[in-house]
Amino acid sequence: MDYDLFVIGAGSGGVRAARMAAGFGAKVAVAEDRYMGGTCVNVGCVPKKLYVYASEFSHAFEDARGFGWNGDVPGFTWETLRDNKKQEISRLNAIYDNLLAGVNADVINGRATIVDANTVEVNGQHYTAEKILVATGGWPRRDHRPGAELGVDSNEVFDLDQFPERILIAGGGYIAVEFAGIFNGLGSKVTQLYRGPLFLRGFDQDIREFAAQELPKSGIDLRFNTIIDSIERTPDGLLCKLSDRTEMVVDQVLYAIGREPHTEGLGLENVNVELDDQGYIKVDDEFRTSEPSIFAVGDIIGGMELTPVALAEGMSFARKQYGPQQKEVEYDFIPSAVFCQPNIGTVGFTEEQAREEFGEITLYKSSFKPMKHTISGRDEKTFMKLIVDNASDRVVGVHMMGPDAGEIIQGIAIALKAGATKATFDATIGIHPTAAEEFVTMREPWTP
Ligand code: NDP
């Protein structure tokens, strides 16, 4: 065999698995046909967060007036943001290259196709490997209604040539909500359409309702039960006909209608790798597919499609195959955040799931105006919710929408993983004055 391990895809999961396996002494190759670092580094978490930072300045400029700051609001130049972002991503791409070079893993630039259970072809050359790891991630779903090709997806939106003064965003998940916040903060007129009655499916119902009430306050035109029927190019811009029989003309349409497993052209038909009914690769506890020499980690296997999950899976795979044994990835209490303004942060069970899992639960809820906005004048509220299993007193779900919810919920997630009870929360002294202290001072159960 040429290699012990051949990794297809240099994203979060693939690179972490490759680095660790090589660190344990395996001879490793990684094939990548696009960019080092995958979705997260190039068209996901990293550039998204940079754009979120950019979008927050406009809110800060407005808020500052109440605190005595006055003068003109500075202008915004999209090209500067976009190009600075590009530079930072190039720096990160190089770091990823160096990380792999540092452990003597071979990086092969090109699209890899699986030829048989131990052979991969890249650029016409065949490589044999004892094990193959598929870590090709996901790809934005495209719409196929008339004119949908005139819109962009979440890969393309980062590098628009021109800043869209008017943007229509289709979708009601993480990406749609985050980009609605980004473009709204940067100064676009944003309309967001969701096909169902309430967006952010999968999140706690209270959070979904709270977000639906809060996000339009900053200027986002949020519409439910609506899709884009067709798009036409006109001299004024893109004419979008919507399912509610209204029309609008915008400069850009962003489709953020989910992501699909990126298996196209992988050559899976040449081997015995089973897919589930949504096209994700099926794996067992050690990330082995139904073809014993082929493994898969990250977004390509579905589940919670998050970078830290892919990293954990990559590490677990490498440790199990090449290093000291370790426990399986623990999929409970995985926190996540939606980086809208303000953030949504969540960990553990939603109320609906907790009722089903534990039966008797107690809820604690709090909604308040953050201290900063008493003077800024901004009409924005924070919402927090604790879900407690009555039988054990364990806190099994924590949900928040408010400034820095992503940062706050990360800390709370540690407590939940450690099995913290409501009594532990109550016995914890708060940090005053913060919003987070509310989590340890919610005394009265919520009653309908
Ligand atoms: P999501 O699955 O979160 O949301 C997809 C949205 O598109 C849903 O509202 C869905 O509606 C809607 N939708 C699906 N198909 C159609 C269609 N044909 N027409 C109209 N609407 C449609 O996907 P995203 O693309 O937003 O994000 C993908 C994943 O990436 C996330 O689930 C998350 O795991 C990860 N991610 C994480 C982030 C973070 O951690 N901050 C940020 C961005 C992405 P419905 O609910 O009705 O199915």
Side-chain angles (χ1 to χ4, degrees), residues 1 3-30 38-40 105 112 114 116-118 120 129-138 202 259-263 266-268 270-336 347-349 353 356-358 394 396 413-414 416-419:
M1 297 283 176
Y3 293 102
D4 296 317
L5 175 65
F6 196 103
V7 179
I8 306 179
S12 303
V15 169
R16 183 59 66 88
R19 276 176 60 204
M20 286 199 70
F24 289 133
K27 187 163 187 242
V28 178
V30 184
T39 300
C40 174
I114 297 174
D116 64 39
N118 296 98
V120 176
E130 194 202 342
K131 287 172 185 149
I132 296 169
L133 178 68
V134 180
T136 48
R259 292 172 59 84
E260 290 172 344
H262 196 197
T263 49
L266 249 184
L268 291 181
N270 301 328
V271 283
N272 173 35
V273 169
E274 262 183 64
L275 306 181
D276 71 13
D277 52 7
Q278 292 179 72
Y280 292 101
I281 294 181
K282 281 169 87 170
V283 293
D284 65 12
D285 287 350
E286 55 180 74
F287 305 105
R288 195 185 293 271
T289 69
S290 42
E291 180 73 66
S293 58
I294 301 184
F295 297 74
V297 294
D299 289 2
I300 194 80
I301 64 170
M304 287 190 87
E305 297 180 23
L306 302 170
T307 286
V309 173
L311 294 175
E313 291 173 350
M315 287 192 281
S316 172
F317 160 80
R319 286 211 178 101
K320 213 163 241 166
Q321 301 303 323
Y322 304 101
Q325 285 290 323
Q326 70 131 28
K327 287 193 295 167
E328 284 152 16
V329 177
E330 294 179 16
Y331 289 98
D332 60 338
F333 298 108
I334 294 174
S336 79
V347 59
F349 293 80
Q353 292 166 337
E356 202 167 307
E357 179 79 16
F358 304 102
R394 264 191 85 174
V396 293
I414 301 172
L416 264 56
K417 276 298 282 179

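Count residues from 1 along the sequence.
Between E357 and F349, some side-chain heavy-atom pair lies under the 4.5 Å cut-off. A 4.5 Å side-chain heavy-atom check between N118 and I132 finds every atom pair outside the cut-off. Within the 4.5 Å cutoff, side-chain heavy atoms of F287 are placed close to those of E313. Y322 has its side chain within reach of L5: a pair of non-hydrogen atoms, C-beta onward, lies under 4.5 Å apart. Between D299 and T39, the closest side-chain pair of non-hydrogen atoms is not below 4.5 Å.
The main-chain N or O of P292 is found under 3.5 Å from a side-chain atom of R288 such that the two form a donor-acceptor pair. R394 contributes a side-chain N or O that, together with a main-chain N or O of L416, makes up a donor-acceptor pair within less than 3.5 Å. Distance alone, capped at 3.5 Å, places no donor-acceptor pair between the S293 side chain and the K131 backbone. The backbone N or O of E291 sits nowhere less than 3.5 Å from a side-chain atom of N272 that would complete a donor-acceptor pair.
In summary, the aromatic rings of F295 and F317 are positioned with their centroids under 6.0 Å apart.
Remark: the Y280 side chain and the E260 side chain contain no N/O donor-acceptor pair separated by less than 3.5 Å.
Cation-pi geometry between K417 and F333 is not met: the NZ or CZ atom fails to fall both under 6.0 Å from the ring centre and inside 45° of the normal.
Ion pairing between a basic and an acidic side chain is recognised when a charged N comes within 4.0 Å of a carboxylate O; E274 and K282 show such pairing.
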